[in-house]
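Side-chain atoms are counted along with the backbone in the values below, which use heavy atoms only and exclude waters and symmetry mates. What you see is a predicted model; the values in this text were computed from it and never measured. When a residue number appears, it is its place in the shown sequence, counting from 1.
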Amino acid sequence: MNLRTVGLPELWMPHPLRVNPHLPGLRAESETWAREMGMLGGEEGPGGGAIWTLAQYRAMTVDLLTAWTLPDASPAALRLNHRFNIWALAWDDYFAHAFKRNGDLQGAREFTDRLHAFLRPEEGALLPEPVNAVERGIADLQRHLYPPRLAHWREEFSLALRRYVEAGVEELANSRTGRVPHLIDYAPFRRESFAAHTAPYSVELSTGARIPERIRRSRPVRGLMDAFMDVMGLANDVASYEREVHEEHDVNNLVVVIGTSLSIPIRQAVPAAIHLVNARMRDFERFRQEDIPPLARRAGLDHDERAQLDTWLSGAAGFLSGLHAWYTGAPRYVPADPPFHEEPGEAGETYRRGTGGHVPVPPSAVGYGVDAEP
């Protein structure tokens, strides 16, 4: 089947990219940590249970991801969140290689059951002896994730990580059976499978600001948080479509979900997915600009609480801007070779350059409920 070029809308990002000034010192320090955890091998191959070669690791540009999403973080906060980002990607790539590609559901369950023993919220909890790079990474992180001012995150963050690793097993079960999630159920599930519930922690770690407790559970704040998390995970689906669907044979992707749920072809599912991501970005902006300020006035927030709220919201906007830049420019999602024009008989991928970089245009998803028009 010949690939058709799809005219795409752009992923919308109203906030300018800002870069943390401490970026230059991040890469070398993080490579040392990844190697100590056993995640990083040499140029010749991962080897010894490592997950990445040095070239693969550097191509992910996780240092840029961290410095772009947390432009205001102190060096210590930036370093900690960077290690968490590395760990989350290590889990993702390890899980895909060890279980997704061969459909090993039983192995995935056993791996996840062991990982739960490392996700303990109790202070000073005794952890098992790690046996692989993913376990070593989370065991090390658990000693640093909850400084005194973030101790209130212990239960919530651990629960988010438990949901994250459990969602991987559910995704694998869906892929093995060919069960595509329905669009109505997919957004809340994607918040879990993307570990998006940890992102408010990252913003708080970066900015030092918290959403005031008296409005934290209000409907406008819950709506803003849902939109914030949806932009993260659903935009990732657009960016990672080729790798997830065509390399990992995954059905848990927004493009596939929309195509299957609405029974539409790929040329319609792709722009529909992007429009949905943009709609959630607009929702975030509406809550931030129109709904939260009057809520703060009605709640009688004092000057310090208002300042904390404004700082956190600015940090959340910066977080989304950094993710957008990474999705549309990082080698993990964008190939180094320039876009090409389709030749008769070739199969591949074409790209449309937008203001933020390359936006992938996926080929057909035959076998996953979404097919291109003949």
Side-chain angles (χ1 to χ4, degrees), residues 15 17-27 29-30 33-34 37 61-91 118-123 137-164 191-192 194-213 215-216 221 224-226 228-229 231-233 236 284 288 304-305 307-326:
H15 301 286
L17 177 66
R18 295 188 296 128
V19 182
N20 191 293
H22 305 296
L23 168 62
L26 207 53
R27 175 185 279 186
E29 186 275 338
S30 64
W33 183 79
M37 296 302 105
T61 59
V62 194
D63 53 341
L64 291 181
L65 167 66
T66 310
W68 289 349
T69 53
L70 304 179
D72 301 310
S74 68
L78 194 71
R79 220 167 23 245
L80 176 57
N81 209 90
H82 190 43
R83 291 182 179 185
F84 175 71
N85 287 339
I86 293 167
W87 178 83
L89 289 167
W91 174 88
F118 292 87
L119 304 176
R120 301 276 299 279
E122 315 94 86
E123 189 170 2
I138 196 60
D140 185 74
L141 281 169
Q142 287 281 52
R143 293 192 285 269
H144 306 286
L145 283 170
Y146 311 112
R149 71 178 179 85
L150 291 174
H152 59 283
W153 271 97
R154 281 185 176 277
E155 292 286 344
E156 211 168 328
F157 195 88
S158 294
L159 178 59
L161 290 186
R162 286 176 175 270
R163 290 170 171 173
Y164 177 53
R191 296 170 204 156
E192 298 182 353
F194 190 71
H197 290 276
T198 66
Y201 161 94
S202 296
V203 174
E204 189 172 328
L205 175 69
S206 169
T207 62
R210 296 178 62 179
I211 295 178
E213 195 61 35
I215 65 168
R216 187 177 181 83
V221 171
L224 176 127
M225 285 291 194
D226 286 349
F228 175 57
M229 293 187 286
V231 172
M232 286 184 257
N236 178 271
F284 173 82
R288 185 180 69 87
D304 288 343
E305 288 174 315
Q308 289 257 330
L309 176 61
D310 290 344
T311 299
W312 192 94
L313 291 173
S314 176
F319 193 94
L320 294 180
S321 175
L323 270 181
H324 175 268
W326 198 60

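- Thr61 is listed as a side-chain neighbour of Asp63, based on a closest heavy-atom distance under 4.5 Å.
- The closest side-chain heavy-atom distance from Glu156 to His197 is not below 4.5 Å.
- Here the side chain of Arg154 pairs a donor or acceptor atom with the backbone of Pro121 at under 3.5 angstrom.
- Between the OG atom in Ser74 and the CZ atom in Arg79 there is a gap of 8.0 Å [rounded to 0.5 Å].
- Heavy-atom contacts from other residues, nucleotides or ligands closer than 6.0 Å to CD of Glu213 number more than 12.
- The structure places CG of Leu80 at 11.5 Å from OG of Ser206, a figure rounded to the nearest 0.5 Å.
- Heavy atoms only, all atoms of each residue included: Asn81 and Ser202 are closest at OD1-OG, 2.8 Å.
- Interatomic distance, Arg27 CZ to Leu64 CG, rounded to the nearest 0.5 Å: 7.5 Å.
- Residue Tyr146 comes nearest to Ser158 through the heavy atom pair OH-OG, 3.3 Å, listed as atom of the first residue, atom of the second, then distance.
- Within the 4.5 Å cutoff, the side chain of Leu224 has heavy atoms near those of the Leu313 side chain.
- Expressed to the nearest 0.5 Å, how far CD1 of Ile211 lies from CE of Met225 amounts to 3.5 Å.
- A pairwise comparison of heavy atoms in Ala199 and Phe228 identifies CB-CE2, 3.9 Å as the closest pair.
- Between Gly137 and Trp33, the shortest heavy-atom distance links the atoms O-CZ2, 3.9 Å.
- For the residue pair Leu320 and Met232, the shortest heavy atom distance occurs at CD2-CG, 3.8 Å.
- His324 has its side chain out of reach of Val231: every pair of non-hydrogen atoms, C-beta onward, lies at least 4.5 Å apart.
- We find the CG-OG1 distance between Leu17 and Thr69 to be 10.0 Å, quoted to the nearest 0.5 Å.
- If you look at Phe157 and Phe84, their ring centroids are closer than 6.0 Å.
- The CG atom of Leu70 lies 12.0 Å from the CG atom of Leu23; values are rounded to the nearest 0.5 Å.
- Under the rule for a side-chain contact (heavy atoms from CB on, under 4.5 Å), the partners of Val62 that lie at least two apart in sequence or sit in another chain are Met60, Leu65, Thr66, His82, Asn85, Ile86, Leu89.
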Requested in this report: Apply the test side-chain contact (heavy atoms from CB on, under 4.5 Å) to residues Leu161 and Ile138: give CA-CA distance (whole Å), side-chain angles for both, the deciding distance (0.1 Å), then the verdict.
Outcome: CA-CA 10 Å; Leu161 290 186; Ile138 196 60; 3.9 Å; yes

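- Among residues two or more places apart in sequence or in another chain, the side chain to side chain donor-acceptor pair (under 3.5 Å) test is passed with His152 by Glu204, Arg210.
- The shortest distance between side-chain heavy atoms of Thr198 and Tyr164 does not fall below 4.5 Å.
- Annotation: side-chain contact (heavy atoms from CB on, under 4.5 Å) contacts of Ala139 (sequence neighbours excluded): Phe118, Leu127, Pro130.
- Taking all atoms of both residues into account, the shortest heavy-atom contact from Gln142 to Leu145 is OE1-CD1, 3.9 Å.
- With hydrogens and angles disregarded, no donor-acceptor distance shorter than 3.5 Å links the side chain of Asp72 to the backbone of Thr207.
- Side chains of Arg83 and Glu29 form a contact here, defined as non-hydrogen atoms less than 4.5 Å apart.
- Aromatic ring pairs are classed by plane angle as parallel below 30°, tilted from 30° to 60° and perpendicular above 60°; the pair Trp153 and Tyr201 is perpendicular.
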